Amino acid sequence: MIDLKKLQNGFNETADKLRKKKIKEEVLKELQRLFVVLKEQRSELEKLQAQQNKKSKLFPLYLKEKKDISGLKKELEENKENISFKQKIVNEIEEELEIYALNIPNIPDDDVPIGKDENDNLEIKKVLEPRVFDFKAKEHWELGEDLEWIDFKRGVKLAKSRFSVLKNEAAKLERALINYMLDFNTDKGFKEVSVPYIVNKDSMTGTGQLPKFADDLFKIENEELYLIPTAEVPLTNLYRDEILNTEALPKLMCAYTACFRKEAGSAGRDTRGIIRQHQFDKVELVSITKPEQSDEVFDKMLQCASDLLTSLGLPHRLVLLCGGDLGFSAAKTVDLEVWLPGQNRYREISSVSNTRDFQARRAKIRYKDGKKNKLVHTLNGSSLAVGRTLIAIMENYQQADGSIQIPEVLKKYI
RNA sequence: GGACAGGUGGGUGAGUUGGCUGAAACCACAUCCCUGCUAAGGAUGCGUACUGGUAACGGUACCGAGGGUUCGAAUCCCUCCCUGUCCGCCA
């Protein structure tokens, strides 16, 4: 959630920055108006309540002195009506304000480039040279079917489209990758956590999936429960509604989970292969920091994910997302894109984001700064998407005879 | 899923014949004093959020959540959630 006080005190600045994310000024104007009205109405309500409290305290005194209380009672009965009337107004404004506020995305950092979509993203650097093939590199689905590594048909039979089954070495490789990634990240100082794959509405609201992106989530029937789209949700919400010890920060965490996404907006995209599935595995990093720590931790997480790719011998590049391509909760995001020789292009395999205090404000994650409670910063990043790493290994390590080599670092995990 | 018992501040835990309790006491924590040796004693402070005020200091709300009764609710009523114990079921 954006800072409403900031919006009020520096409206133009905030509106300018949110323009990068294509937010219309009228929406912000309305939000600001509601905020002002709410404050006025609430102040009036509180005055009435103060009156009621003060006068109610006279009752025991009157009774003691055997005074007549009927006049006082009548007065308070009337005031009570006023209070409940005003209370209703305040509640309505609060609800309306909340709907607005929860649907406004995070404010992009100043160094986020202006742009419409992924074409305006900024390449920061490339790591490792793509290998030169002396034969035509196949795409992963071709390899997957030839080697009986991926069973697309039966995945669909079991569930529906965008589900698949891994077999033979692929199944083993997936497990090896998860273990390797967890070990790699924990060696870098991220504490391993194992979390639920199903969370409640408050958690989804805390990290920003709800209320706006309900259509992207799998919901449990007849329950206010959802399948997680990323481990970012349970990891970040671990500390929802808490005030953390300053010494405990920064908290660096990592977790392996399955992730579930409806892929509502991506009909027709990546229908071939396992690039875009309803269920996929991911090892995720989440950090909770003091505000002044978050830039440093962001770099650390990014480096961690990049080093992981390098250790697997996978060529990749770092891309700074422009405002138009930035996610809802992120103030800044750098994507890692891995080279896929079969597709002959880079594809996203990780996304590292700093949400600043956006999620912290929603989820009420604070820390003690001296006497005051302040909002933390939260960051998340994949390290890495397991399925896409599997794809990258298949395509990059394929041999002329159609077989696939196993990266050196994974051999002991198989 | 069934029965019973509960959900109070960082922790333990009082308060349930409605008002003087936003909440005793103890512990923990912070600052100070005394004293000096591996300790002890004393003083003060110490929930969260919003809000008024330069500040001092005020106001409102919150005792699992949401409703209700009442002039007034942590205390009474309803619904939901959660925890514990026993039973049932089960990886």
Side-chain angles (χ1 to χ4, degrees), chain A residues 1-9 31-102 194 196-206 210-211 219-226 234 237-249 251 258 288 357-376:
Chain A
M1 205 157 75
I2 64 165
D3 188 344
L4 290 173
K5 276 186 214 160
K6 222 184 208 168
L7 178 70
Q8 180 154 30
N9 297 333
L31 184 64
Q32 186 189 32
R33 188 189 69 82
L34 283 170
F35 185 56
V36 171
V37 173
L38 176 63
K39 275 169 78 164
E40 285 167 6
Q41 293 296 312
R42 190 182 274 152
S43 159
E44 284 177 29
L45 170 67
E46 286 180 3
K47 271 182 202 143
L48 293 174
Q49 286 172 324
Q51 242 179 66
Q52 192 79 353
N53 287 342
K54 209 168 162 193
K55 295 225 167 144
S56 285
K57 290 202 172 115
L58 293 174
F59 267 81
L61 296 177
Y62 274 41
L63 289 170
K64 214 184 211 172
E65 294 168 23
K66 305 220 154 100
K67 277 197 193 164
D68 180 32
I69 55 166
S70 57
L72 184 61
K73 191 164 176 180
K74 193 156 183 230
E75 192 187 336
L76 284 171
E77 273 168 6
E78 275 172 29
N79 195 40
K80 190 183 169 188
E81 299 258 313
N82 292 336
I83 289 177
S84 64
F85 182 72
K86 192 58 96 177
Q87 182 79 62
K88 255 191 204 132
I89 293 175
V90 168
N91 288 347
E92 278 167 22
I93 299 171
E94 258 175 359
E95 268 173 48
E96 203 181 339
L97 181 78
E98 192 181 72
I99 292 170
Y100 266 92
L102 288 178
S194 178
Y197 293 4
I198 295 177
V199 298
N200 58 30
K201 191 178 170 184
D202 286 345
S203 295
M204 286 296 187
T205 307
L210 289 178
K219 185 170 187 290
I220 310 286
E221 199 178 9
N222 299 325
E223 308 253 15
E224 278 298 352
L225 294 171
Y226 304 81
N237 278 283
L238 231 33
Y239 299 104
R240 173 158 47 81
D241 287 319
E242 292 194 29
I243 300 171
L244 301 168
N245 284 331
T246 313
E247 310 83 64
L249 301 176
K251 277 185 187 295
I288 295 181
D357 62 10
F358 183 82
Q359 292 179 327
R361 185 171 292 105
R362 289 174 159 247
K364 298 188 180 66
I365 310 175
R366 292 148 296 170
Y367 73 101
K368 280 252 180 254
D369 184 30
K371 281 205 117 184
K372 280 200 163 176
N373 295 324
K374 285 175 70 177
L375 294 170
V376 298

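Letters go in sequence order (proteins before strands), and every chain restarts at 1. The shown structure was predicted, so the numbers you read here are calculated from the model rather than taken from an experiment.
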May I ask you to say what A:K54 touches in the nucleic acid, namely base, sugar-phosphate or nothing, with a heavy-atom cut-off under 4.0 Å?
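The residue A:K54 makes no contact with any strand.
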Ignoring hydrogens and angles, write down the donor-acceptor pairs under 3.5 Å from the side chains of residues 240-247 of chain A, residues two or more places apart or on other chains.
unit_1, atom_1, unit_2, atom_2, d
A:R240, NE, A:N237, OD1, 2.9
A:R240, NH2, A:S203, OG, 2.8
A:T246, OG1, A:K368, O, 2.3

Tell me every residue that passes salt bridge (Lys or Arg N to Asp or Glu O under 4.0 Å) with A:D3, counting only those two or more places apart in sequence or in another chain.
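Partners of A:D3 under the salt bridge (Lys or Arg N to Asp or Glu O under 4.0 Å) test: A:R361.
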Please name all residues satisfying salt bridge (Lys or Arg N to Asp or Glu O under 4.0 Å) with A:E65, sequence neighbours left out, ordered by chain then number.
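Listed in chain order: A:K67.
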Could I get a table of every N or O pair under 3.5 Å where one atom is in the protein and the other is in nucleotides 74-82 of chain B?
none

Contact list please: residues 43-53 of chain A against RNA chain B, heavy atoms, distance less than 4.0 Å, in numerical order.
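Result for residues 43-53 of chain A: A:E46, A:Q49, A:A50, A:Q52, A:N53, sorted by number.
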For A:K86, what residues pass the side-chain hydrogen bond (donor to acceptor under 3.5 Å, both in side chains) criterion, not counting sequence neighbours?
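Only A:Q41, A:E44 meet the side-chain hydrogen bond (donor to acceptor under 3.5 Å, both in side chains) criterion with A:K86.
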Nucleotide N/O to protein N/O under 3.5 Å, stretch nucleotides 18-23 of chain B:
unit_1, atom_1, unit_2, atom_2, d
B:rG19, N2, A:S56, O, 2.9

Give me each pair satisfying salt bridge (charged side-chain N to carboxylate O under 4.0 Å, His left out) with a member in residues 68-80 of chain A, each pair once, sequence neighbours excluded.
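Listed by first then second residue: A:K55-A:E75.
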Of all pairs that satisfy salt bridge (charged side-chain N to carboxylate O under 4.0 Å, His left out), the ones with a partner from residues 91-101 of chain A, not counting sequence neighbours:
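As it turns out, the salt bridge (charged side-chain N to carboxylate O under 4.0 Å, His left out) pairs with a partner in residues 91-101 of chain A, which skip direct neighbours, are A:R42-A:E94.
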Determine the Euclidean distance between corresponding P atoms of B:rC77 and B:rU16; express it in Å to zero decimal places.
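Those two atoms are separated by 15 Å.
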Taking ring-ring contact (aromatic ring centres under 6.0 Å, His included) as the test, write out the residues that go with A:F358, two or more places apart.
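Applying ring-ring contact (aromatic ring centres under 6.0 Å, His included) to A:F358 gives A:F328.
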Protein-nucleic acid N or O pairs under 3.5 Å, nucleotides 45-49 of chain B:
unit_1, atom_1, unit_2, atom_2, d
B:rU48, OP1, A:K368, NZ, 2.7
B:rU48, OP1, A:N373, ND2, 3.0
B:rU48, O3', A:R366, NH1, 3.1
B:rA49, OP1, A:R366, NH1, 3.3

Determine the stems involving RNA chain B; a stem requires 3 or more consecutive pairs of the Watson-Crick or G-U wobble kind, each with both distances below 3.5 Å, and the answer is none if no such run exists.
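Stems for RNA chain B, defined as runs of 3 or more consecutive pairs: B:1-7 with B:81-87, B:10-12 with B:25-27, B:29-33 with B:41-45, B:47-52 with B:57-62, B:64-68 with B:76-80.
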Along RNA chain B (nearest heavy atom to each residue), the more 5'-positioned of A:N91 and A:K73
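Final value for this comparison: A:N91.
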